[in-house]
Amino acid sequence: MIRNLLVIGALLVSASASATPRLGVEAGGSLNWLDYPREVDSWDTGTRLDFNAAATLEFEFTENWGLLTGLRYSRLGNEIDFTEEIIQDPEAIIQYLGGSGTVTNIQQYLGVPLLARWSPSGDSGAFLL
């Protein structure tokens, strides 16, 4: 599937070879939290603020249509503060003998978005991706 998307992206980019690409930069943030199907009273999952960034290229095919692509990095994660006593429940998510601490879970993503851009008026302003 990824190979097919890359081939389509390469074809679209080569079709716009006469257009001058516009460079761009994106930066953003996200508020992340964890949700488990079963509550664990001794866990405090809270929320975590993380970030994302991208370098973008926009190719304009016509006055109204274009393609936006680039390289995007996203980071998502959370921290779990826990204080555990002996758990003897066989259905518990994690079995602990006791103790306390913090577990940090961070997931990092690197992506290549392919977004079609349509501007109804052709001017800068409102557009759909």
Side-chain angles (χ1 to χ4, degrees):
M1 178 67 177
I2 292 175
R3 195 176 315 166
N4 294 340
L5 290 175
L6 291 175
V7 169
I8 291 170
L11 291 173
L12 289 173
V13 170
S14 64
S16 68
S18 62
T20 303
R22 291 190 306 219
L23 299 174
V25 176
E26 296 178 10
S30 60
L31 186 62
N32 307 301
W33 63 92
L34 294 174
D35 187 24
Y36 290 98
R38 181 165 182 241
E39 288 282 329
V40 180
D41 294 333
S42 58
W43 286 13
D44 178 15
T45 56
T47 58
R48 180 182 170 97
L49 188 61
D50 255 317
F51 67 94
N52 55 63
T56 61
L57 282 174
E58 183 177 359
F59 298 92
E60 203 169 277
F61 300 121
T62 67
E63 188 174 311
N64 299 71
W65 289 97
L67 174 76
L68 184 71
T69 188
L71 188 62
R72 175 169 288 136
Y73 171 80
S74 299
R75 189 174 116 156
L76 304 170
N78 205 325
E79 292 181 348
I80 302 170
D81 294 323
F82 64 91
T83 303
E84 296 290 339
E85 295 177 8
I86 296 174
I87 297 176
Q88 297 179 356
D89 183 355
E91 294 181 21
I93 296 171
I94 297 176
Q95 297 285 326
Y96 286 103
L97 296 177
S100 63
T102 300
V103 175
T104 301
N105 175 25
I106 297 176
Q107 299 170 338
Q108 300 180 68
Y109 300 93
L110 195 57
V112 179
L114 290 174
L115 304 168
R117 183 181 193 272
W118 176 66
S119 178
S121 66
D123 298 330
S124 60
F127 60 90
L128 295 174
L129 285 177

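Index from 1, following the sequence.
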Heavy-atom closest contact (P21 atom, F59 atom, distance) | CB-CE2, 3.5 Å
Indicate if Y73 and V112 have the same hydrophobic cluster label, given that clusters are the connected sets of ILVMFWY residues with side-chain heavy-atom separations under 4.5 angstrom.
-> yes
When every non-hydrogen atom of P113 is compared with those of G70, the smallest separation belongs to CD-O, 3.7 Å
How close do D50 and G77 get, heavy atom to heavy atom, and via which atoms?
-> OD2-N, 3.4 Å
Out of curiosity, L57 CG to R22 CZ, how far, rounded to the nearest 0.5 Å?
-> 11.0 Å
Smallest separation among heavy atoms of S74 and N52, with atom names | OG-CB, 3.7 Å
How many angstroms lie between CG in L49 and CG in N32, if you round to the nearest 0.5 Å?
-> 8.0 Å
Nearest 0.5 Å, what's the CH2-CG distance between W33 and L76?
-> 11.0 Å
Positive for side-chain contact (heavy atoms from CB on, under 4.5 Å) with E58, one of L68, L23, T20 | L68
CG of L31 to CG of N78: how many Å apart, nearest 0.5 Å?
-> 9.0 Å
Can you tell me how far the CG atom of L71 sits from the CG atom of L110, to the nearest 0.5 Å?
-> 4.5 Å
Kindly say whether G24 contributes a backbone atom to a donor-acceptor pair with the side chain of T56 at under 3.5 angstrom?
-> yes
In this structure, CZ of R48 is separated from OG1 of T104 (nearest 0.5 Å) by 6.0 Å
